[in-house]
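One structure below.
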Amino acid sequence: MASMEALEELLAALPDEVVITAPEQMEKYRHDWSRNPPAGMPVAVVRAEDAEQVQEAVRWAARHRVPVVPRGAGSGLSGGSNAVDGCLMLVLERMRGIEIDTAARVAVVEPGALNAEVKAAAATHGLWYPPDPSSYEICSIGGNVATNAGGLCCVKYGVTTDYVLGLDVVLADGTLVTLGGPRVKDVAGLSLLKLFVGSEGTLGIVTRAILRLVPAQDARSTLVASFPTVAAAAEAVLAVGARMRPSMMELMDNASLNAVEDYRAMGLDRTAGALLVAQSDAPGPRERQDRGDASRLQAAGAAEVFATDDPEEEDVRRGPPPGLHRDRGARVALAGGRRRPGARAARAARGGGEDRGAVRRRDPCRRARGRRQHPPDHRVRPADPDSERRARAAFDDVMAAAIALGRHHHRRARCRARQKRAPCPTSGHDVMALTRRVKAALDPDGILNPGAVL
């Protein structure tokens, strides 16, 4: 715990209103959207306004061996920006600058800028930033880089790492390094840039990102197909996958589609076992393509298929997160993803309801079929003292079953780190040992986001 003298040093080093130490003011920065109870109490919160202030804060933390937890918009669901006791919360929400370089087709962005703001800035120049998390309206670019966010369009357009050309990163000793730049290919020295994408602030703190932009997306349409069960929808994806090239594909189970309908009435069939939402922006006659894709889905077992190019209707795919959080009597206890290759995804879907049985309620599960990810959303109710134990038991069962099917995590952070689980088949003991060596080399005192990733 930092001493009062150390805190006075921090207060003297940074401008007024940048550092806050009052518990009631720090409270809102303790949790991300995982609402995880074990979040600690920071010793101070620094709301940095530029890279120099980030450096000053990190240098102070390094001198006094104070843990540093970076935070963007706080929209994460895996505990990555939850405070630990006695830490310095380094909040980047005030760093919101965006510059569009149309000649180089890049966006130069500060970490607090929202994904939606980058998209809007690019759109004014006829350009597009494809990474598209379902929380795009409220999540920050810094958080997207930290977690290598993907989103609904990654089936065709890739994830955040595919669009990061350069980063400015503050290391654990306060040094600011610039990696990469506005070039598509950069082979000067080792490729260190990608090391920081997805590192969740454990290796350094991003203060600027150079993001690749592409020409604006073509006109798109959305197909919504209903199925009697989640397993039937998963099998349909495998059946039609070779014939369809969607720009987005999302599967919602019955609990998720009912949460959407509760949140915003869209006329969805509440009795459907699952909805498959597929979007296409392929060039060519739109109506003919829709007819062809719809007939393939019906042949694969869809009970009903309809097409729309109405942005309000097609945004059914974004309904589950706000719809679920609208349930004020519940809080998300454990949320994350299970990724399985090929036909294993369908096999996992067939057991999707059973592996959550320990919760004794129908917890929602949205499956990003393009990514073959299955993010279960186990929620607990404060009025039920035993619900968290059941949720954690169900989560452990999900992880064990997923590992047995050859999956790996797409979100790690603290919600993952607390779970007892076998080593992931795709990152065994040797890989984890190498990861720890990299962490020790860049952060020898272990002050950067302790407890996340590792």
Minimal non-hydrogen separation, A73 against I138, with atom names: CB-O, 3.1 Å
Closest heavy-atom pair and its distance - M26, A44: SD-CA, 3.7 Å
Inter-residue atom distance E93.CD - E49.CD, 0.5 Å rounding: 11.0 Å
L167, V54, L92 screened by side chain to side chain contact (heavy atoms under 4.5 Å, CB included) with T207, the one that passes: V54
Main-chain N/O of L114 paired with K119 side-chain donor or acceptor, under 3.5 Å: no
V118 vs I98, side-chain contact (heavy atoms from CB on, under 4.5 Å): CA-CA, chis, key distance, verdict: CA-CA 7 Å; V118 175; I98 301 173; 4.0 Å; yes
Closest non-hydrogen atom pair, V84 against P67: CG2-CB, 4.1 Å
Polar side-chain atom of D281 near backbone of Q217 as donor-acceptor pair, under 3.5 Å: no
Test item: E27 and M41 side chains (from C-beta on) under 4.5 Å apart, heavy atoms: yes
P182 side chain near D101 side chain, heavy-atom distance below 4.5 Å: no
Short side-chain to backbone donor-acceptor contact, T160 and V145, under 3.5 Å: no
D443 side chain near T202 side chain, heavy-atom distance below 4.5 Å: no
Sidechain-backbone polar pair: D253 side chain, A274 backbone, donor-acceptor under 3.5 Å: no
V69 side chain reached by N82 side chain, heavy atoms, under 4.5 Å: no
Least distance between heavy atoms, A122 atom then L213 atom: CB-CD1, 4.0 Å
Heavy-atom donor-acceptor pair, N449 side chain to G80 backbone, under 3.5 Å: yes
Beyond-backbone contact of K439 with S199, side-chain heavy atoms, under 4.5 angstrom: no
For the student: nearest non-hydrogen atoms of N115 and P133, plus distance: ND2-CD, 3.6 Å
Exam field: side chain D32 to backbone S75, donor-acceptor pair closer than 3.5 Å: no
Nearest-0.5 Å distance that lies between atom CG in L276 and atom CE in M252: 9.5 Å
Short side-chain to backbone donor-acceptor contact, D162 and V159, under 3.5 Å: yes
Test log, rule side-chain contact (heavy atoms from CB on, under 4.5 Å), inputs L127 and R105: CA-CA 8 Å; L127 298 170; R105 251 181 12 199; 3.5 Å; yes
Gap separating the OH atom of Y29 from the SG atom of C87, nearest 0.5 angstrom: 13.5 Å
Test item: R47 and I20 side chains (from C-beta on) under 4.5 Å apart, heavy atoms: yes
Between CG on residue L268 and CG on residue L257, distance to nearest 0.5 Å: 6.0 Å
Contact summary for W128 and P215, nearest pair of heavy atoms: CB-O, 3.8 Å
Donor-acceptor contact present, side-chain S247 to main-chain Q279, <3.5 Å: yes
D269 CG to L275 CG distance, which is reported to the nearest 0.5 Å: 7.5 Å
Note: E261-R270 ion pair, threshold 4.0 Å (strictly below): no
Check: R30 side chain, A39 main-chain N or O, donor-acceptor pair, under 3.5 Å: yes
Residue pair V277 / T222, side-chain heavy-atom distance below 4.5 Å: yes
Main-chain N/O of G143 paired to S140 side chain as donor or acceptor, under 3.5 Å: yes
L179 and L195, any side-chain heavy atoms less than 4.5 Å apart: no
Any side-chain donor near an acceptor of the partner, Y129 and N144, under 3.5 Å: no
Point-to-point distance, once rounded to the nearest 0.5 Å, from OG of S226 to CG of L297: 10.5 Å
